[in-house]
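So you know, we letter chains A, B, ... as the sequences are listed, proteins then strands, and number each from 1.
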There are 2 protein chains.
Amino acid sequence: MKELFPIVAADVALFTVIDEALRVLLLQRDNEPQAGAWALPGALLKPETDLSLEHTARRALAAKTRVEIPHLEQVSVFSGPERDPRGYSVGVLFYALLPADQAPAVAGAKAADVAWSNVAHLKRPIAFDHREMIALATTRLRQKVERLILPLHLLSEKFTLTQLQRVCEAVMGTRLDKSSFRRRLRSEQALVEVPGDFEVGANRPAQFYRAARGFRFDIDIE
Amino acid sequence: MKELFPIVAADVALFTVIDEALRVLLLQRDNEPQAGAWALPGALLKPETDLSLEHTARRALAAKTRVEIPHLEQVSVFSGPERDPRGYSVGVLFYALLPADQAPAVAGAKAADVAWSNVAHLKRPIAFDHREMIALATTRLRQKVERLILPLHLLSEKFTLTQLQRVCEAVMGTRLDKSSFRRRLRSEQALVEVPGDFEVGANRPAQFYRAARGFRFDIDIE
DNA sequence: CATCTTATTGACACATTACCACTAAGTCGC
DNA sequence: GCGACTTAGTGGTAATGTGTCAATAAGATG
């Protein structure tokens, strides 16, 4: 049955890196349609309260997440009469990045219906067109990192260069050369050392870095 | 006054190159709100007939244009309660490319309310948030060309390398070096010669080229 | 035929990158 | 204490890509 007004919703691909693999947050659906299948967190636009669709997306995350509001970026719009059996729907896709150390707070021990699923091989059944959404969001994120726009939002405030490299490798799905990686970082001037602050372990300590002032991940609105 | 359902519309920044300048199609509004101001062509989503918002965008173009359906690409979504005085609105922005030789068919002699406006200095008063839309669409297009994704849709099927370079220069707003430009083209293998076909003029003839089979401008959906 | 204009190719310095090797600084086991 | 081990961080060289400028090619024009 066709509706006069479309359903307008925001969906969010929330990424993090766990075990050196890029993962996306999925929720198992309780209700029909597609009960049992896994979907991205999403929310319907509430015109009375949402100042924009980004606001809607934040609300969708807040409903299932106890963490700081993460970095959000718009990816694309999916629309059509057949996407959702409930009627014509317009879904605005965002992606967001969550530092790995905050990931456990989201998918808590009890929550059997919450999963950080490895993007490289999504084994769970995916609801609606969310598999395509995840693929597109992943591609978009990769393009950013390719263009040397560092996914610092996947790390905590302080991090070592090796940690940053591992995160970039997880996003890209390939290994990167240490020497080249660091040379490019130097020329970018995007990072600054945290003087006297080292990560200690069973080997040589590693210098901590943080984002230089004025760092922006969303470089294309100019 | 807040509405229960948002207005959902598609707007299109239709680009072409005239006089070696990147230009965008603007229409002067007849009706309130913002009567007299210039706006991008747009259309409201009709759930009964539009298979997707891209469909809506094509319809918006068809209403004011007599030309072949051009290449369309999604840019971004603009949303909020204040964008349009008629109520909460969700506007999906597309951009499209039109070969320069088809541009006259759009802005015909009679049409005083249709203009190909130079993107570098938009002097006309722009309606709503369409100035921001034009800026974002332009940036997106430039990023593509920067990444060596050739805007072949701005040219007719056959073209010379100099014509292609002029078009890229118009998009980027800078001059490009002939030698470097051609070297990059060679390594890309995106073009093939049209054997024995030359543009003749008051000087040395120029080889015509066309897109190689498998050419795609929309490289990021992968 | 000399001249003018644009097309097309070439040469070279310079910057960037991939790839591999090296040194540095800590812990661990003995 | 000392050598083995592990990871951090730096260098070096060959290959590749780029910016700049110049040279040559192929027409029209007078």
I need the [atom1]-[atom2] distance between [X] and [N], as an integer number of Å.
X        : N      : atom1 : atom2 : value
B:Arg182 : D:dA22 : CZ    : C1'   : 15 Å
A:Gln165 : D:dT10 : CD    : P     : 13 Å
B:Gln207 : D:dA26 : CD    : C1'   : 13 Å

### Task
Let me have DNA chain C in dot-bracket notation, would you? Count Watson-Crick plus G-U wobble pairs, both distances under 3.5 Å, and use [ ] for pairs crossing earlier ones and | for inter-strand partners.
||||||||||||||||||||||||||||||

Donor-acceptor under 3.5 Å ([X] side chain, [Y] main chain):
X        : Y        : result
B:Gln207 : B:Phe198 : no
A:Asp129 : A:Glu132 : no
B:Gln143 : B:Arg140 : no
B:Ser187 : B:Arg184 : yes

### Message
Classify B:Arg183 by what it touches in the nucleic acid, base, sugar-phosphate, or nothing, heavy-atom distance under 4.0 Å.
### Response
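Contact class for B:Arg183: base.
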
Drop me the distance from [X]'s [atom1] to [Y]'s [atom2], to the nearest 0.5 angstrom.
X        : Y        : atom1 : atom2 : result
A:Phe94  : A:Gln74  : CZ    : CD    : 5.0 Å
B:Lys144 : B:Leu150 : NZ    : CG    : 11.5 Å
B:His71  : B:Phe15  : NE2   : CZ    : 12.0 Å

### Query
Taking NZ, NE, NH1 and NH2 as the nitrogens, is one of them in A:Arg210 or A:Glu157 under 4.0 Å from a carboxylate oxygen of the other?
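No, no charged N to carboxylate O under 4.0 Å.
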
### Message
Check this for me, if you would: do B:Arg142 and B:Glu146 make a salt bridge, where the nitrogen-to-carboxylate-oxygen distance has to be below 4.0 angstrom?
### Response
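No salt bridge links B:Arg142 with B:Glu146.
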
### Message
For B:His153 and B:Phe215, take the angle between the two ring planes, folded into 0 to 90°, and tell me which bin it lands in: parallel under 30, tilted 30 to 60, perpendicular over 60.
### Response
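Answer is tilted, since the angle falls between 30° and 60°.
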
### Message
Counting only heavy atoms and a strict 4.0 angstrom limit, can you tell me which residues of residues 172-181 of chain B come near DNA chain D?
### Response
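Listed by number, they are B:Asp177, B:Ser179, B:Ser180.
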
### Task
Enumerate the residues from residues 186-206 of chain B whose closest heavy atom to DNA chain D is under 4.0 Å, giving them by residue number; use none for an empty result.
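The answer is B:Gly201, B:Ala202, B:Asn203, B:Arg204, B:Pro205.
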
### Task
Report the residues that fulfil side chain to side chain donor-acceptor pair (under 3.5 Å) with A:Asp50, sequence neighbours left out, ordered by chain and then residue number.
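Side chain to side chain donor-acceptor pair (under 3.5 Å) check on A:Asp50 returns A:His55, A:Thr56, A:Arg59.
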
#### Entry: Residues which pass ring-ring contact (aromatic ring centres under 6.0 Å, His included) with A:Phe128, listed by chain and number, not counting sequence neighbours
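Expected list: A:His130.
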
### Terminal contacting nucleotides, 5' and 3', DNA chain C versus chain A (heavy atom, 4.0 Å)
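Contact boundaries, 5' end first: C:dT17 to C:dT27.
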
### Query
Do you see a donor-acceptor pair shorter than 3.5 Å between the side chains of B:Arg166 and B:Thr160?
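Not at all, the side chains of B:Arg166 and B:Thr160 share no donor-acceptor pair under 3.5 Å.
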
